[in-house]
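First comes the structure, then the notes that go with it.
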Amino acid sequence: MVSQKVGAWVAKLGWVWVDGQVAQISRRPGASTVFLTLRDPSADLSLTVTTNRDVLDIGAPNLEEGARVVLHAKPEFYAARGTLSLRADEIRQVGLGELLARLERLKKQLAAEGLFARERKRRPPFLPSRIGLMTGRSSAAERDVLTNARRRWPAVEFRVINVAVQGPTAVPQMIDALKVLDGDETIDVIIIARGGGSVEDLLPFSDEALCRAVADCRTPVVSAIGHETDIPLLDYVADVRASTPTDAAKRIVPDLAEELRLIGLARQRLGRAVTGLLDREQHRLDSIRSRPVLARPHVMIDQRATEVGALRDRASRTLDHKLTAAAGDLRHTLARLRALSPAATLERGYAIVQRADGHVVRAPSDVAKGDDLRVRLAAGDLSAQVTDSPG
């Protein structure tokens with residue numbers, strides 16, 4: 001029931017123009033019908049096309065597998081098998097000029113989307129631990145990459161996936177291989193390699209689906225297509241563009257002999273630099289050691305000892321002078337004190353008369369008859385009494 005409705009809906013479709021790549025041509029001897037398998041270059045999709053032999057001979061007499069065609073056809077649905085096919089009444093083989101014009105339009109479109117921008121390109125590592133190689137089976141490109149890379153760095157490791165590099169199955173195989181290599185965490189860079197070829201042979205490397213798959217890779221991709229004048233779009237999208245597979249090997253791995261030579265030169269320069277530094281520092285140390293302060297360090301100590309001795313002598317003389325002056329002053333002060341002392345007066349024969357209450361008698365009127373007195377002499381005290389009334 002469903003297939004009948006699908007068939008009825010397809011039957012209502014009109015004639016359409018279809019663009020595709022011929023994957024297979026089947027011409028049966030004596031039969032007027034020719035069967036073609038038409039493939040979408042950008043997707044893993046194909047349809048069977050039936051046409052009259054005369055239509056094919058008139059529109060594309062030299063049609064071969066892998067060629068690009070444009071055909072005028074009507075879709076047909078075969079309900080018994082549930083398959084969709086095309087019935088063509090006109091077939092035109094796409095010429096080289098038209099192909100190049102399409103590629104130019106695609107190139108401008110991808111450039112406008114930023115797929116060719118320099119800032120999005122990634123630099124491959126200096127020495128990748130493992131390289132993914134996608135190329136044709138037993139091809140010269142594979143041999144060139146492996147041989148030259150191992151000659152430059154013998155320890156380099158590869159993971160090789162052989163794919164078709166031209167024809168209708170090339171793009172799906174390359175996209176699948178690219179996904180496998182990009183998903184391998186051990187691979188640091190991917191090389192897509194192929195030898196030279198015509199513009200038609202190199203068309204898979206300008207396929208939009210392949211270009212977008214390369215742009216979406218997390219791993220840096222190197223395009224190594226051995227062409228001269230025509231540049232596939234893959235070269236613009238890839239992170240690194242190599243002119244040939246041999247050039248790709250030289251770009252991806254360093255030359256062991258050259259690196260050893262550079263290391264030797266670097267060690268020589270480092271040795272000269274260290275030797276020069278040591279010589280300069282030794283000269284500086286010798287210059288410092290030759291200075292008087294280090295050549296005869298005791299001179300500075302002797303000078304300081306002399307200065308300390310002189311200062312000590314000066315301090316001693318100053319102190320002696322001050323002490324002598326102070327002693328003289330003290331002697332003069334003592335002499336004055338002794339001269340003015342009451343004891344000195346008493347020594348000269350004077351006496352001090354005091355009443356019993358201790359007051360010094362200075363006049364006769366200070367005492368009365370019968371008062372007791374105390375007389376202080378130089379050698380001691382005497383007691384006395386007033387016997388006569390003061391007059």
Side-chain angles (χ1 to χ4, degrees), residues 116 121-167 169-207 209-211 213-262:
F116 301 165
K121 296 184 182 298
R122 295 149 297 181
R123 182 188 297 272
F126 170 73
L127 181 59
S129 58
R130 199 177 187 204
I131 301 173
L133 176 59
M134 189 169 67
T135 186
R137 184 180 303 276
S138 301
S139 62
E142 177 181 359
R143 183 175 63 255
D144 289 345
V145 172
L146 296 179
T147 302
N148 286 280
R150 287 168 178 162
R151 181 184 297 119
R152 293 171 62 84
W153 198 273
V156 66
E157 294 185 5
F158 279 90
R159 179 179 180 181
V160 181
I161 297 182
N162 295 121
V163 295
V165 291
Q166 69 182 65
T169 62
V171 173
Q173 289 187 24
M174 286 192 289
I175 292 177
D176 292 341
L178 191 64
K179 291 179 180 178
V180 172
L181 294 176
D182 190 44
D184 191 340
E185 298 291 339
T186 65
I187 291 179
D188 295 329
V189 63
I190 299 172
I191 299 177
I192 302 177
R194 177 205 155 95
S198 63
V199 175
E200 293 83 355
D201 292 339
L202 298 179
L203 283 178
F205 297 97
S206 295
D207 186 85
L210 178 62
C211 291
V214 170
D216 293 337
C217 282
R218 64 166 185 82
T219 309
V221 178
V222 177
S223 174
I225 312 302
H227 51 84
E228 294 182 358
T229 56
D230 301 310
I231 301 177
L233 299 184
L234 177 64
D235 280 2
Y236 296 101
V237 181
D239 298 286
V240 177
R241 173 188 173 187
S243 59
T244 61
T246 300
D247 182 45
K250 293 180 179 179
R251 287 172 173 265
I252 293 304
V253 294
D255 188 351
L256 179 59
E258 178 64 15
E259 295 303 319
L260 291 176
R261 186 186 68 83
L262 293 176

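Keep in mind that this is a model prediction, so the values were computed, not measured.
- For the pair T135 (side chain) and A193 (backbone), a donor-acceptor distance under 3.5 Å is present.
- At a threshold of 4.5 Å between non-hydrogen side-chain atoms, the residues I192 and V214 count as touching.
- Interatomic distance, CG of L178 versus OG1 of T219, reported as 8.5 Å (0.5 Å rounding).
- Nearest heavy-atom pair across S138 and N162 is N-ND2, 4.3 Å.
- Between the CZ atom of R159 and the CG atom of L133 there is a distance of 12.0 Å, given to the nearest 0.5 Å.
- The number of heavy-atom neighbours closer than 6.0 Å to CZ of R218, taken from other residues, nucleotides and ligands shown, is above 12.
- Rounding to the nearest 0.5 Å places OG1 of T147 at 13.5 Å from CZ of R152.
- Looking at heavy atoms from C-beta onward, V160 lies in side-chain contact with L146 at the 4.5 angstrom threshold.
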Using a 3.5 Å cut-off and no angle test, enumerate the donor-acceptor pairs between side-chain atoms of residues 251-259 and protein atoms at least two apart in sequence or in another chain.
unit_1 : atom_1 : unit_2 : atom_2 : d
R251   : NE     : D247   : OD2    : 3.0
D255   : OD1    : A257   : N      : 3.2
E258   : OE1    : R261   : NE     : 3.2
E258   : OE2    : R261   : NH2    : 2.5

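- Between D207 and L203, every side-chain heavy-atom pair lies at or beyond the 4.5 Å cut-off.
- The CG atom of L181 sits 9.5 Å away from atom OG1 of T186, with the distance rounded to the nearest 0.5 Å.
- The minimum heavy-atom distance between R194 and V165, with the atom names listed, is NH1-O, 3.2 Å.
- The 12-atom threshold is not exceeded at CZ of R137, counting heavy atoms of other residues, nucleotides or ligands nearer than 6.0 Å.
- In this structure, A141 and G195 approach most closely via the heavy-atom pair CB-N, 3.8 Å.
- Among all heavy-atom pairs drawn from A248 and V222, the shortest one is CB-CG1, 4.1 Å.
- Among pairs with a residue in residues 141-151, none fulfils salt bridge (charged side-chain N to carboxylate O under 4.0 Å, His left out), at least two apart in sequence or across chains.
- Contact annotation: the side chain of F205 never approaches that of L233 to less than 4.5 Å [non-hydrogen atoms, C-beta and beyond].
- Using a distance-only test at 3.5 Å, with no hydrogens or angles considered, a donor-acceptor pair links the side chain of Q173 to the main chain of A164.
- Remark: I175 CD1 to D182 CG distance equals 13.0 Å, nearest 0.5 Å.
- Counting only distance, with no hydrogens or angles, the side chain of K121 and the backbone of V240 share no donor-acceptor pair below 3.5 Å.
- Counting heavy atoms from C-beta outward, D184 and R130 have side chains that approach closer than 4.5 Å.
- Side-chain contact between L202 and I225: present, with at least one pair of heavy atoms (C-beta onward) separated by less than 4.5 Å.
- Within the 4.5 Å cutoff, no side-chain heavy atoms of D239 are placed close to those of P124.
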